[in-house]
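To keep things clear, I will list the structure first and then write my remarks on it.
Small disclaimer: the values here were computed from a predicted structure and weren't measured.
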Amino acid sequence: MPLPTTVIGSFPKPTYLEIPDWFRTSHSGSFTEQYNRYLERLSKFDRESTIRKASKEIIDVQTKAGVDIITDGEVRRESYILHFCRALHGLDFCKLFSKMCRDGAVKTDVPRVIGKVAAKESEPWVWKEWKISQDLSILPIKITLPGPMTIINSIEDQFYGDDKVLGSILTKIINNELRGRVSAGCKHIQLKGVDFYNLCAKNVRCEAASILVPGIVAEISTQGKEPWIWREWRNSQDLFNALSMKITLPGPMTITDSVVDQYYGNQKILGNVLAKFINTEIKALVCAGCKTIQVDEPVFMRYPDQALEYGIEQLSSCFNGVSAPDVVKTVHLCCGYPNYLDEVGYKKADKDAYVLLADRLDQAGFDQISIEDAHRHNDLSLFQQFKKSKIVLGSVQIACSRVESVEEIRTRLQQVLTVLPADRLIIAPDCGLGFLPAEIAKEKLCNMVEAAKFLP
């Protein structure tokens with residue numbers, strides 16, 4: 001099988017495309033002034049017609065060459081940096097500043113930051129440019145973005161006086177654009193200049209693993225004015241209307257444990273902020289017609305004391321305002337994935353945390369509590385602690401390639417039914433099936449469904 005191929009980004013612009021750019025002007029700052037005049041001289045309609053023609057030609061060149069993942073050649077951009085910056089408030093493109101850039105490699109005239117930097121548009125915009133190009137090709141189109149440090153090195157800051165502060169602001173704006181692209185369907189995104197996510201090493205899940213995670217570097221707020229997760233659910237639901245489609249979201253404590261907080265300095269405060277945003281998304285899902293909503297909080301099992309102190313309250317607040325009787329509010333608490341399939345002896349959460357949390361969870365107003373049971377059977381007395389909630393019982397392992405037999409699953413279900421009424425028992429895998437090969441996952445699910453038949 002051949003190695004996959006791609007391109008980095010830009011292509012030479014066709015001669016009929018009059019866009020001044022960095023490549024055409026010996027890398028001097030004059031292209032910025034020339035681009036200003038280009039924008040004044042041609043209407044948006046006239047510019048767009050030639051841009052689409054050029055994009056199609058460049059896409060065809062790459063397609064005929066057999067490139068797997070292509071770009072539109074960045075034909076609409078004067079430079080990959082300044083094209084993005086022109087969509088921001090706070091930059092002056094008219095009175096340029098002579099600046100030594102790239103560690104003294106080049107001196108050029110650059111725009112100045114003279115006021116608070118913010119996006120000019122209320123909604124992301126770069127995804128629209130990607131969509132125009134993607135519609136011209138049957139191959140996936142990759143899109144490129146400048147990173148915060150590269151932008152900073154390409155402009156003159158006369159307002160903030162602190163590269164780190166300016167970089168944090170730019171990071172949020174770039175993130176907004178990235179999310180817009182992903183929502184629009186873009187599958188290949190490339191950032192130039194820096195590691196955009198600034199990942200930090202962190203021990204997570206009560207030191208069960210050490211991974212690189214994003215950092216919280218500024219006040220958290222939603223990227224757009226409107227909720228968005230409901231659209232993802234709607235797209236999936238529309239594919240198969242015969243059954244109701246469940247949606248899952250991460251809970252506040254699980255998100256908090258999956259990032260590095262470099263701004264709030266208080267996990268409870270950060271969790272409260274996150275819970276409000278999750279609640280907004282959940283209410284939008286309900287309005288869109290979603291009837292089964294699950295919030296995942298596996299971190300409760302790692303930190304039961306914090307869960308009891310504030311986590312369960314935060315989780316409950318995620319469902320504030322959701323009172324429709326036909327909307328099922330589910331929470332999922334599992335004990336953790338291994339590093340690889342069939343790993344033995346990996347660090348799971350203590351299953352006795354279920355015992356510590358059961359009473360409070362049962363009183364918190366959730367309809368269903370999803371727990372792990374196949375990997376390690378819980379003591380049957382646990383199920384007696386739940387007086388109101390239905391139990392979604394993990395009945396097949398999700399990190400073991402051995403397929404449980406129908407009889408094995410059914411035997412365990414019969415044991416649980418001795419202490420839990422049948423009308424409050426729901427069968428499921430322990431957690432997601434992502435570790436398993438497709439055929440094994442299918443076998444496990446088939447056996448699970450077969451075992452659940454003819455019970456109690």
Side-chain angles (χ1 to χ4, degrees), residues 205-206 208 248 251 253-254 294-308 311-312 315-316 328-338 342-400 402-433 435-436 444-445 447-452 455-456:
R205 306 303 186 263
C206 199
T248 64
M253 268 188 64
T254 295
Q294 177 180 299
V295 178
D296 298 334
E297 276 289 24
V299 163
F300 278 14
M301 298 298 292
R302 305 286 183 175
Y303 309 106
D305 291 341
Q306 290 96 316
L308 291 169
I312 294 175
L315 180 56
S316 180
V328 179
K329 304 184 290 289
T330 303
V331 296
H332 171 69
L333 291 76
C334 64
C335 297
Y337 283 105
D342 291 322
E343 182 181 6
V344 177
Y346 62 95
K347 188 173 183 180
K348 299 275 285 183
D350 186 352
K351 66 184 179 65
D352 288 340
Y354 285 131
V355 177
L356 299 175
L357 300 172
D359 293 340
R360 285 281 301 279
L361 287 170
D362 195 45
Q363 297 296 322
F366 308 122
D367 298 309
Q368 300 176 357
I369 313 295
S370 173
I371 66 173
E372 180 178 308
D373 188 72
H375 184 86
R376 298 170 301 184
H377 289 175
N378 295 286
D379 191 280
L380 291 177
S381 62
L382 168 66
F383 304 106
Q384 295 175 313
Q385 292 184 247
F386 295 98
K387 309 296 184 183
K388 301 178 179 180
S389 309
K390 294 183 179 181
I391 297 301
V392 181
L393 186 70
S395 301
V396 294
Q397 296 185 55
I398 49 81
C400 175
R402 184 185 70 85
V403 178
E404 297 87 345
S405 68
V406 172
E407 188 57 35
E408 178 185 351
I409 301 169
R410 182 175 291 156
T411 297
R412 179 56 179 171
L413 296 180
Q414 289 171 332
Q415 292 171 352
V416 174
L417 284 169
T418 64
V419 292
L420 189 71
D423 62 356
R424 289 202 291 116
L425 180 61
I426 301 166
I427 314 307
D430 270 347
C431 194
L433 298 171
F435 257 124
L436 299 172
K444 283 176 176 272
L445 287 178
N447 286 1
M448 184 187 78
V449 171
E450 185 65 24
L455 286 174

For this session: In sequence, state the C-alpha distance, the side-chain angles, and the governing distance for Asn447 and Glu404, and then conclude on side chain to side chain contact (heavy atoms under 4.5 Å, CB included).
Result: CA-CA 7 Å; Asn447 286 1; Glu404 297 87 345; 5.9 Å; no
Exercise. Taking Asp430 for the side chain and Ile398 for the main chain, is one N or O donor matched with an acceptor at less than 3.5 Å?
Worked result: no
Problem set entry | All side-chain hydrogen bond (donor to acceptor under 3.5 Å, both in side chains) counterparts of Asp373, not counting sequence neighbours | Asn378, Arg412
Seminar exercise, completed: To the nearest 0.5 Å, atom SG of Cys431 lies from atom CG of Leu333 at 10.5 Å
For this session: Under the side chain to side chain contact (heavy atoms under 4.5 Å, CB included) rule, what do Val355 and Asp379 come out as? Steps first, then yes or no, please.
Result: CA-CA 9 Å; Val355 177; Asp379 191 280; over 6 Å; no
Problem set entry | Shortest non-hydrogen contact from Cys335 toward Lys351 | SG-CA, 4.4 Å
Exercise. Are any side-chain N or O atoms of Glu297 and backbone N or O atoms of Met253, one a donor and one an acceptor, separated by less than 3.5 Å?
Worked result: yes
For this session: Kindly compute the distance separating CD (Gln414) from OG1 (Thr418), expressed to the nearest 0.5 Å.
Result: 10.0 Å
For this session: Please check if the side chain of Lys387 supplies one atom and the backbone of Gln384 the other of a donor-acceptor pair under 3.5 Å.
Result: yes
For this session: Check Arg360 against Leu308 and note the closest heavy-atom contact, atom names and distance.
Result: NH1-O, 3.0 Å
For this session: Would you please test Tyr354 and Glu372 for side chain to side chain contact (heavy atoms under 4.5 Å, CB included) and show each step?
Result: CA-CA 9 Å; Tyr354 285 131; Glu372 180 178 308; 3.4 Å; yes
Exercise. Looking only at atom types and distance, does a side-chain atom of Lys329 sit under 3.5 Å from a main-chain N or O of Asp367, one as donor and one as acceptor?
Worked result: no
Seminar exercise, completed: For Val419 and Leu380 the tightest heavy-atom approach is CG2-O, 3.6 Å
Exercise. Side-chain contact, heavy-atom cut-off 4.5 Å: Glu408 with Thr411?
Worked result: no
Exercise. With Asp359, which residues qualify under side-chain hydrogen bond (donor to acceptor under 3.5 Å, both in side chains), at least two apart?
Worked result: Gln385
Exercise. Distance from Thr330 atom OG1 to Ile426 atom CD1, nearest 0.5 Å?
Worked result: 7.0 Å
For this session: State, to 0.1 Å, how close Ala307 and Leu357 come at their nearest heavy-atom pair, and which atoms those are.
Result: CB-CD2, 3.8 Å
Exercise. Is there a donor-acceptor pair closer than 3.5 Å between any side-chain N or O of Arg376 and the backbone N or O of Lys348?
Worked result: no
Exercise. Donor-acceptor pair, Ser316 side chain versus Ile312 backbone, under 3.5 Å?
Worked result: no
Exercise. Step by step, would you call Asp342 with Cys400 a side chain to side chain contact (heavy atoms under 4.5 Å, CB included)?
Worked result: CA-CA 5 Å; Asp342 291 322; Cys400 175; 4.0 Å; yes
Please tabulate, one pair per line, all N/O donor-acceptor pairs under 3.5 Å involving side-chain atoms of residues 389-396, not counting sequence neighbours.
residue: Ser389; atom: OG; partner: Asp362; partner atom: OD1; Å: 2.9
residue: Ser395; atom: OG; partner: Leu393; partner atom: O; Å: 3.1

Problem set entry | Backbone of Glu450 reached by a side-chain donor or acceptor of Arg410 within 3.5 Å | yes
Exercise. Between Lys388 and Gly365, is there a donor-acceptor pair closer than 3.5 Å when you use the side chain of the first and the backbone of the second?
Worked result: no
Exercise. Taking all atoms of both residues into account, what is the closest heavy-atom pair of Cys334 and Met301, and its distance?
Worked result: O-CG, 3.4 Å
Problem set entry | Minimum heavy-atom distance between His332 and Gln294, given as atom pair plus value | CB-NE2, 3.5 Å
Problem set entry | Leu315 side, atom CG; Asp296 side, atom CG - distance, nearest 0.5 Å | 10.0 Å
